Amino acid sequence: MYSRKVLDTFANPKNVGEISDADGVGTVGNASCGDIMKIYLKIENDIIVDAKFKTFGCAAAIASSSTATEMIKGLTIDEALKITNADVVEELEGLPPQKIHCSVLAQEAIAAAVEDYRSKKQKKTE
Ligand code: FES
């Protein structure tokens with residue numbers, strides 16, 4: 001049911017773990033399956049210099065986390081927010097229809113981590 005790329009990425013995911021001094025952390029979950037994804041970002045001058053994840057979820061969620069964190073490294077936060085779950089699915093060479101929501105988690109976790117970064121940054125300037 002999964003593409004070779006999904007299986008390979010699930011077997012050897014990149015960026016697993018956490019960043020202890022992360023500038024932004026986003027945690028999202030899917031109520032229907034109960035899976036949880038947490039993404040940590042290290043950001044310098046609004047550029048994502050490092051990204052890691054911890055995902056308690058299915059193979060598609062782990063493959064999506066790995067792929068999404070790879071895709072956003074080196075991007076500005078505005079560029080990272082433009083990455084959609086469809087981009088992640090394309091990079092994974094497709095996901096079964098019932099697994100599309102797993103890639104949505106990655107998009108949402110990135111957005112939540114950027115939001116966290118922005119609110120912390122704003123608090124510092126207040
Ligand atoms: Fe819910 Fe994959 S089944 S994240």
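Note that this is a predicted model, so its numbers are computed, not measured. Just so you know, ligand 1 is whichever comes first in the structure, and atom 1 is the first atom listed for that ligand.
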Charged N to carboxylate O under 4.0 angstrom, K52 versus D21?
-> no

What one should report as the nearest heavy-atom pair of C102 and M37 is O-CE, 4.0 Å

Considering non-hydrogen atoms only, spot the tightest contact between L75 and M71 and give its length.
-> CD1-O, 3.4 Å

Applying salt bridge (charged side-chain N to carboxylate O under 4.0 Å, His left out), which residue pairs with at least one partner in residues 26-39 are found, sequence neighbours left out?
-> none

With sequence neighbours left out, which residue pairs that include part of residues 57-72 fulfil the salt bridge (charged side-chain N to carboxylate O under 4.0 Å, His left out) condition?
-> E70-K73

Which residue pairs pass the salt bridge (charged side-chain N to carboxylate O under 4.0 Å, His left out) test when at least one of the two sits in residues 22-31, sequence neighbours left out?
-> D23-K42

Given a cut-off of 2.8 Å, the protein N, O or S atoms lying below it from atom 2 (Fe) of ligand 1 are C58 SG, C102 SG

